[in-house]
2 protein chains.
Amino acid sequence: MTAEDVATPATRWLDAQQMAAWLPLLRVVQLLPQALDRQLRREAGIGHAYYQVLATLSAQPERTLSMGELARMTATSPSRLSHAVAAMEERGWVARRPCPTNRRIQYATLTDEGLGLLERIAPGHVAEVRRVVFDGLTDEQVEQLRSLALAILAPLDD
Amino acid sequence: MTAEDVATPATRWLDAQQMAAWLPLLRVVQLLPQALDRQLRREAGIGHAYYQVLATLSAQPERTLSMGELARMTATSPSRLSHAVAAMEERGWVARRPCPTNRRIQYATLTDEGLGLLERIAPGHVAEVRRVVFDGLTDEQVEQLRSLALAILAPLDD
DNA sequence: GGTCATAGCTTGAAGCTTCAAGTGTCAGCC
DNA sequence: GGCTGACACTTGAAGCTTCAAGCTATGACC
């Protein structure tokens, strides 16, 4: 497993500079979602995936979105969203209803209960985001972070 | 839910600059592990968590580490690691054996089969890492990435 | 108008992670 | 020596995510 064990096609390993960035990045993408999940679960009993559904719907006109668009906006698979919304519907936070003009489409709407929950838990969540991400960064670093995140996002969206 | 609905303690929302960084970052921490997982699962039948165990053990003297240290190095909970190593032991990639001097400790060792698997799948995995992370970044950005990841890591480690 | 591929969403099973609780071991203390 | 508390790890159940397969509806093509 050294750089000299060259097969076809040649295996290009990470150089020292890349490795020095990769290992911390790996920890971040591991620990950051974990931290968000834990804070939300402790104070609200839901994971971050559910929070994103609530928050995304709350920002829409009529607090409504089709399942497909909701999946795209929250970067989750249709299946995962379907399960999640089913669970949230059972708890009364979201309602589903078919589209009258295209019967393949289902609309998901944030209920008043769902909005109430979101309003209760949002401040604590935002505080956690500030604590783990933004409190330790300068304005210039925040700008770099935005630019880097967008650069990494490009190949991820295929 | 506006910035004017100030409760005690005052809710500080994210400003526009922070939001412009936060939304892409959120997608990255969501999609990046997903991409790594999918590539590995497609070509090797294992998830990224397993890969990290194999890779971490392979870099140790005797290819051995105690469960606790392995958990710390891979940033996973003891429970998660316990389940994962149990599954990998069943497939013959890792062996467990108690420490002779301190019987609370279990050592995990990468077997020859485990090392063989790692050597087969590492090139493809590294290629994927390059593709989604490093190919789109300049050297200067890689350096910024390292610095940012370390800054965010500090509050995450509590 | 019938056929076919595709879009949009759901389902169930399998796998993984988390949480709470449990086991056994060690070290400090009286 | 016996208690107490902490450490290292494991276990089982519950919840979440993923994958493959399925459903119905739509649009395009002939």
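So that the names make sense, note that chain A is the first sequence line, chain B the second, and so on, each numbered from 1.
Ion pair B:Asp112/B:Arg63 flagged as a salt bridge, since at least one NZ, NE, NH1 or NH2 atom sits closer than 4.0 Å to an Asp/Glu carboxylate oxygen.
Using modelled atom types, one side-chain atom of A:Gln18 and one backbone atom of A:Asp15 make a donor-acceptor pair closer than 3.5 Å. In terms of modelled atom types and a separation under 3.5 Å, the side chain of A:Asp37 and the main chain of A:Gly47 share no donor-acceptor contact.
At the heavy-atom level, B:Asp37 lies nowhere under 4.0 Å from the strands shown. A:Gln34 comes within contact range of the sugar-phosphate backbone alone, with a heavy-atom separation under 4.0 Å but no base atom that close. Among the heavy atoms of the strands, none lies under 4.0 Å from B:Tyr107. Contacts of B:Arg80 with the nucleic acid, taken as non-hydrogen atoms under 4.0 Å apart, include base atoms. Backbone-only contact: A:Ala49 has heavy atoms under 4.0 Å from sugar-phosphate atoms and none from a base. Counting any heavy atom pair closer than 4.0 Å across all strands shown, B:Ala84 reaches no nucleic acid atom. Backbone-only engagement by A:Arg96 is indicated by non-hydrogen atom pairs under 4.0 Å involving sugar-phosphate atoms exclusively.
Across the protein-nucleic acid pair, A:Ile105 atom CD1 and C:dT10 atom P stand 12 Å apart, rounded to whole Å. For A:Leu70 and C:dT10, the CG to P distance is 11 Å, given to the nearest whole Å. Protein atom CD of A:Glu90 is 12 Å distant from nucleotide atom P of C:dT11, rounded to whole Å.
Bounding nucleotides for the chain B contact on DNA chain D, 5' to 3', at a heavy-atom distance below 4.0 Å, are D:dC7 to D:dC19.
Nearest-nucleotide mapping onto DNA chain D: of A:Pro100 and A:Ile46, the residue sitting toward the 5' end is A:Ile46. Both A:Leu81 and B:Ser66 lie near DNA chain D, and the one whose nearest nucleotide falls closer to the 5' end is B:Ser66. The nearest heavy atom of DNA chain C to A:Arg41 and to A:His83 marks one nucleotide each, and the one closer to the 5' end goes with A:His83.
The local environment of CZ in B:Arg38 is sparse, with at most 12 non-hydrogen atoms from other residues, nucleotides or ligands closer than 6.0 Å.
Checking each of B:Glu43, B:Arg41, B:Arg42 against B:Gln39 for a side-chain hydrogen bond (donor to acceptor under 3.5 Å, both in side chains) leaves exactly one that passes, namely B:Glu43.
Using cut-offs of 30° and 60° for the angle between ring planes, the A:His125 and A:Tyr51 rings count as tilted.
Note that the CG atom of A:Leu54 and the CD atom of A:Gln52 stand 10.5 Å from one another [nearest 0.5 Å].
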